[in-house]
Amino acid sequence: MCQKEVMEQSAGIMYRKSCASSAACLIASAGYQSFCSPGKLNSVCISCCNTPLCNGPRPKKRGSSASALRPGLPTTILLLKLALFLAHC
């Protein structure tokens, strides 16, 4: 699946687009629902789709504010929990 993360920060809106398994993307998007408040500072929204380029065009670079997001601690913890869950299935 295609996964898109949109994070609204004081420096602007940051995007991270990637590929993920269906399970990983759906778990991540469900885990971030409480942090998704479009238009509000520090909002993080994750969406999933499964058609070519469905996560949209790559945003045009605008100086240093267009840099990709780096996985933060909540994303890392979520991915570790997912890996442990899948290892036990």
Is there a side-chain contact between Met14 and Gln9 in this structure, where contact means two heavy atoms from C-beta onward sitting under 4.5 Å apart? yes

side-chain contact (heavy atoms from CB on, under 4.5 Å) partner of Cys2, chosen from Cys54, Ser47, Cys25: Cys54

When every non-hydrogen atom of Ala20 is compared with those of Ala24, the smallest separation belongs to CB-CB, 4.5 Å

Could you list the residues that satisfy side-chain contact (heavy atoms from CB on, under 4.5 Å) with Ser37, not counting sequence neighbours? Lys40, Ser43

Contacts of Ser22 meeting side-chain contact (heavy atoms from CB on, under 4.5 Å) (sequence neighbours excluded), chain-then-number -> Met1, Leu26

For Val44 and Val6, run side chain to side chain contact (heavy atoms under 4.5 Å, CB included): C-alpha distance rounded to whole Å, both residues' side-chain angles, the deciding distance at 0.1 Å, then the answer. CA-CA 6 Å; Val44 179; Val6 180; over 6 Å; no

Are Gln3 and Ile46 close enough, and set up right, to give a side chain to side chain contact (heavy atoms under 4.5 Å, CB included), and what steps lead you there? CA-CA 7 Å; Gln3 178 174 310; Ile46 299 177; 3.8 Å; yes

Between CE on residue Met7 and CD on residue Glu5, distance to nearest 0.5 Å: 9.0 Å

